[in-house]
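Below you'll find the structure, written out as structure tokens, and then a few comments.
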Amino acid sequence: MKKTLFSLFTLGLLLTVWSCEKALELTPESQITATSFWRTPDDFEAALVGGYDGVQMALTGADNDNIFLWGEGRADGVTARDQVGLAVNAVTSDGLYGVSWRQMYRAINNLNLLHKNLDKTTVAIIPANRNRIKADAFFLRGLLYHYLGRIWGNAPVLTEGFDSYDQNMTPGNQNADQTDRVFAQARADADSAIRLYRLPQFTSSSFQNKGRGSLAAALALRAEMSIWQAWRKNDNALFTQTIADVDSALRNTTLYSPTLSESYRSIFGANNPREDVFVIKYSDVTETNRMFVRATVIGVSYAALNNPYATANNLFVPNFGSLQYIVSQKLAGKYRPGDVRRDEIMVQFFPKVVVPGIQDWYPRKYRGNATTANFGVTQTTDNIRIFRAADLLLLKAEALAKLGRSAEAITIVNTVRRRAFESAYNVAVHGVRGTPTGEALVDTVLDERFRELAYEGKRWFDLVRTRRALTELRDPLPQAPNTPRRIATTETELLWPISAGSLNLNPNLKQNPGY
């Protein structure tokens, strides 16, 4: 019994309200809740809210930084000081950050239980509410499997909720590479969500909360899935599908119309800007986003970024931590004079060289709101953007470039740049130079994504997706000149390792190549 229970924890398949303290009891707490829960429509609504909470925990982690670690930490937009192993792509299976999928599978299990009980319930749930719950649950599960496929690849695929000890709680990945199956499940869930969101019951008022699933969010998810698979399979039909889904998501309809915000300055810190498609929401100081802590100088509190009390003398806080990430020279050099994005994304506090050879620029995209002189508090209610309009437009531009539709791709890049340079924009000065085509145009689009989406958890996936990670990440770090980046020789080595804890406790798992 112990082995079964510990294997359950390995995958993070925690039963709905199962606590660690009761893990060794003979009766699973879930068997109790199966009779006491799922009895009213409100129970199903509460389970859906729990599903969103689970996704928030899975994607942001206990320290609210998983998206940053997975999407930025191994890429070239940051330079680490005390996380050199991550920055040089020397991730290990027993590392402290980013290698555990526990919260992922916990969230998936809870969504599976929601599907399972919604399908069999005799509770009188209004059909429209049933459709909405199902659509949201499909969208959320598809989003999680999309991340699992890109991060770990060969991961178990689970679609039935665990609510009994009689079920096999140690699913594995040894029989065959399940990467395609992971992506297929993600795609099937996105397709199911889209079909439901297109039902006539959904009106414009149904999709105003950008922290909930929507037709646009599901289409954005499928677009990102399509372009990932298009590169993997060299499939022009999937590049075309990417374009169609982006157009559908951003189309000016009566249902939902996210478009570029008028100003880049208005996106971050704003509540529900028009640009958002789907976000991880943080409502108040009791539910805070600590992405700032990972994505900036831990020795500098969030208050120092906006607080009038901040000075060069009191900027660094004793005993508050140490520098983790600073802006890479590569990213800082991507911004041309007049590009307002630079000052929204990074800040230069004062002329002090913290690490020799590195400029003193620090990320500040998730800077929060400072109201006191307390420099030891890290509160921020900034939403984390999973999908927004500029992200989708540039995905479309990438697909257009791959299909040889260069003029259309260049127009999109220039549209995004126009906002970045505001009234000073001059296409002859700030627009795309020349008429690049093919892979050169893809590079142009990726550079624009680098500037536009810095620290939004996109860069690593962009490099891996477009097969550029193997060539872009070769320079040694200035603070570790004798520690060159670990160069992967195959694309499979760009996956993350399965955690040592999972492998030790579940014999049906095998490690990813290269670890």
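Numbers here simply count residues along the sequence, with the first being 1.
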Please enumerate all residues that pass salt bridge (charged side-chain N to carboxylate O under 4.0 Å, His left out) together with [X], with sequence neighbours excluded.
| X | result |
| --- | --- |
| E448 | R341, R417, R451 |
| R150 | E224 |
| R222 | D191, D245 |
| E408 | R405 |

Tell me, please, which residues at least two apart from [X] pass side-chain contact (heavy atoms from CB on, under 4.5 Å).
| X | answer |
| --- | --- |
| A188 | none |
| L393 | L250, L260, I412 |
| R465 | I227, W228, W231, L395, E398, L446, R449, D462 |
| S406 | T437, L441 |

> Is the centre of the W70 ring less than 6.0 Å from the centre of the W460 ring?
Replying inline: no

>> Would you say the ring centers of F278 and F387 fall short of 6.0 Å from each other?
In response: no

Is any side-chain heavy atom of [X] less than 4.5 Å from a side-chain heavy atom of [Y]?
| X | Y | value |
| --- | --- | --- |
| D76 | L331 | no |
| R198 | L219 | yes |
| I125 | L118 | yes |
| R132 | L48 | yes |
| R106 | N110 | yes |

>> Going by side chain to side chain donor-acceptor pair (under 3.5 Å), name the residues that satisfy it together with S192, two or more places apart in sequence or in a different chain.
In response: R195

> Which residues satisfy the side chain to side chain donor-acceptor pair (under 3.5 Å) test with S226, sequence neighbours excluded?
Replying inline: R187

[X] side chain to [Y] side chain, donor-acceptor N/O pair below 3.5 angstrom:
| X | Y | answer |
| --- | --- | --- |
| N131 | Q201 | yes |
| D136 | Y197 | yes |
| R274 | S261 | no |
| N66 | Y147 | no |

Using 4.0 Å as the upper bound for N to carboxylate O, is an ion pair formed by [Y] and [X]?
| X | Y | answer |
| --- | --- | --- |
| K458 | E72 | no |
| K210 | E275 | no |
| D235 | K402 | no |
| K134 | D119 | yes |

>> The criterion is ring pair (Phe, Tyr, Trp, His ring centres under 6.0 Å); which residues satisfy it with F138, sequence neighbours excluded?
In response: H115

>> I'd like to check the ring pair (Phe, Tyr, Trp, His ring centres under 6.0 Å) partners of Y145; sequence neighbours left out, ordered by chain and number.
In response: none

> If you measure from OG1 on T159 to CZ on R141, what distance do you get to the nearest 0.5 Å?
Replying inline: 6.0 Å

> If you take all heavy atoms of S100 and S499, which pair is closest and at what distance?
Replying inline: CA-CB, 4.3 Å

> Is the Lys NZ or Arg CZ of R459 less than 6.0 Å from the centre of F450's six-membered ring, within 45° of the axis?
Replying inline: yes

> Which word best sums up how the rings of W152 and W101 line up, parallel for under 30°, tilted for 30 to 60°, or perpendicular for over 60°?
Replying inline: perpendicular

> Would N383 and I280 satisfy side chain to side chain contact (heavy atoms under 4.5 Å, CB included), going step by step from the backbone distance to the final call?
Replying inline: CA-CA 6 Å; N383 294 334; I280 301 294; over 6 Å; no

